[in-house]
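This report concerns only the one structure given below.
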Amino acid sequence: MGRAHRVSFLIDASEYFSAFVDAAMRARRSIYITGWDIDSRTELLPDANSRDIPVHLGDLLNYVASKNPDLHIHILLWDYAMLYALEREPFPVWVFDWKTSKKIHFYQDNSLPLGASHHQKIVVMDDRIAFVGGIDLTNRRWDVREHHPYDPRRIDPWGKEYPPFHDVQLLVDGQAASILGDLFRSRWYNATGRRISKPESMLSDPWPEQFHPDI
């Protein structure tokens, strides 16, 4: 068990994705991402007025990696069953491993029993903050709290509307975030046989400034 000094409950993906973008811009050494599904085409800020930064996941990760020479990004995606292939981004290895910055490291994890899946949705930045909960960084997740029956912003990468989607992501810092960093590094080693060094302690704080702690 680890203690967090700050905790925020991010209700629905509109809040989570906005906090993720802000925190990614503040990360200095490491961003770890793991999930049931990850899609580089995911539009993180569909209602943003400013386009000063990229708003699609893959473009944003390339952007923050290019802006910060010390930042490395590790992405661990479940090597999903073909049953889900039509719902997911085609050729994710090509998209994330060949098309992105050399500082973005991507692997599809198949180190699990037959019939099982990796269902953890975790993002850790600099071992200082972490997001954990029920929302993947993928398509057909973004929605606002009102969950309008029809919202023109709820469009998937194929140009199709999708129904309201409700879930929650937790944002924590402190020892709780560091433990989640340890969990990711353990999963990465189990899947790849390669170790990731724990990021050096630093004074930077990637906590997204627009989200004040609830606790």
Side-chain angles (χ1 to χ4, degrees), residues 1-27 31-48 55-57 60-61 73-78 80 84 87-89 109 116-157 161-184 187 205-215:
M1 297 292 289
R3 181 180 295 275
H5 304 292
R6 295 172 293 183
V7 176
S8 280
F9 297 91
L10 308 177
I11 310 301
D12 297 311
S14 60
E15 288 193 359
Y16 171 37
F17 289 178
S18 178
F20 171 85
V21 171
D22 192 339
M25 296 291 293
R26 297 167 180 270
I31 298 177
Y32 305 147
I33 302 173
T34 188
W36 186 80
D37 188 22
I38 300 164
D39 194 317
S40 71
R41 303 166 299 176
T42 301
E43 189 171 8
L44 300 167
L45 304 173
D47 55 357
V55 296
H56 292 89
L57 176 62
L60 176 75
L61 296 179
I73 300 170
H74 289 78
I75 303 172
L76 192 63
L77 170 65
W78 173 42
Y80 50 85
Y84 300 103
E87 303 175 11
R88 294 170 180 251
E89 182 173 27
D109 189 357
S117 70
H118 282 307
H119 219 265
Q120 295 170 326
K121 291 95 170 177
I122 300 171
V123 173
V124 185
M125 299 185 180
D126 292 341
D127 268 32
R128 299 292 302 275
I129 69 165
F131 302 91
V132 59
I135 307 175
D136 280 303
L137 291 167
T138 192
N139 65 78
R140 302 178 71 87
R141 300 299 193 275
W142 184 92
D143 203 359
V144 294
R145 291 192 185 201
E146 292 77 13
H147 303 302
H148 303 295
Y150 302 100
D151 190 326
R153 297 168 295 179
R154 286 201 311 263
I155 300 293
D156 68 20
E161 297 180 359
Y162 60 91
F165 187 92
H166 174 69
D167 215 320
V168 178
Q169 202 81 351
L170 191 65
L171 171 59
V172 298
D173 70 352
Q175 189 180 15
S178 181
I179 289 173
L180 288 167
D182 290 338
L183 173 61
F184 181 91
R187 279 194 52 187
D205 181 10
W207 187 278
E209 64 178 10
Q210 77 269 36
F211 289 94
H212 300 291
D214 297 311
I215 298 176

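Numbering of residues begins at 1 and proceeds along the displayed sequence.
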(request) Take Trp207 and Asp22, measure what side-chain contact (heavy atoms from CB on, under 4.5 Å) needs, and give me the verdict at the end. (result) CA-CA 8 Å; Trp207 187 278; Asp22 192 339; over 6 Å; no
Sub-4.5 Å side-chain heavy-atom contact between [X] and [Y]:
X      : Y      : value
Leu61  : Ile33  : yes
Gln210 : Ser18  : yes
Val172 : Ile129 : no
Arg187 : His118 : yes
Arg140 : Pro163 : yes
Val7   : Pro213 : no
Trp142 : Asp47  : yes
Arg141 : Thr138 : yes

Main-chain N/O of [Y] paired to [X] side chain as donor or acceptor, under 3.5 Å:
X      : Y      : answer
Asp167 : Asp12  : no
Arg153 : Asp151 : no
Ser8   : His212 : yes
Glu161 : Arg154 : no

Roughly how far apart are [X] [atom1] and [Y] [atom2], rounded to 0.5 Å?
X      : Y      : atom1 : atom2 : result
Thr42  : Leu57  : OG1   : CG    : 5.5 Å
Leu76  : Ile38  : CG    : CD1   : 7.5 Å
Asp37  : Leu77  : CG    : CG    : 6.5 Å
Ser14  : Leu45  : OG    : CG    : 10.0 Å
Asp182 : Gln175 : CG    : CD    : 9.5 Å

(request) Evaluate the side-chain contact (heavy atoms from CB on, under 4.5 Å) criterion for residues Asp136 and Trp36: first the C-alpha distance (whole Å), next the side-chain angles of each, then the deciding distance (0.1 Å), finally the verdict. (result) CA-CA 7 Å; Asp136 280 303; Trp36 186 80; 3.4 Å; yes
(message) Angle between ring planes, Phe184 versus His74, binned at 30° and 60°: parallel, tilted or perpendicular?
(response) perpendicular
(request) Quick one: sort the Phe131 and Tyr16 rings into parallel, tilted or perpendicular, breaks at 30° and 60°. (result) tilted
(request) Please assess Phe9 against Phe211 for the test side-chain contact (heavy atoms from CB on, under 4.5 Å), listing each intermediate value before the final yes or no. (result) CA-CA 9 Å; Phe9 297 91; Phe211 289 94; over 6 Å; no
Please name the pair of heavy atoms, one in [X] and one in [Y], separated by the smallest distance, quoted to 0.1 Å.
X      : Y      : result
Ile135 : Phe17  : CG2-CE2, 4.1 Å
Ala130 : Leu180 : CB-CD1, 3.6 Å
Pro208 : Ala23  : CD-CB, 4.2 Å
Leu60  : Ala24  : CD2-CB, 4.4 Å
Leu44  : His56  : CD1-C, 4.5 Å
His5   : Gly174 : CD2-CA, 4.1 Å

(request) Quick one: do Ile75 and Ile31 satisfy side-chain contact (heavy atoms from CB on, under 4.5 Å)? Show the steps, please. (result) CA-CA 8 Å; Ile75 303 172; Ile31 298 177; over 6 Å; no
(request) For Asp39 and Asn139, test the side chains for any donor-to-acceptor distance below 3.5 angstrom and give the result as yes or no. (result)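 Judged by distance alone, the side chains do pair up.
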(message) Under a 3.5 Å threshold, yes or no: a donor from one side chain and an acceptor from the other, between His166 and Asp143?
(response)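 There is no such pair between these side chains.
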(request) Please say which of Val123, Leu171, Ile122 ends up in a side chain to side chain contact (heavy atoms under 4.5 Å, CB included) with Val132. (result)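 Of the listed options, the one satisfying the test is Ile122.
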(request) Decide, yes or no, whether a salt bridge links Asp173 with Arg6 under the criterion of side-chain N to carboxylate O below 4.0 Å. (result) yes
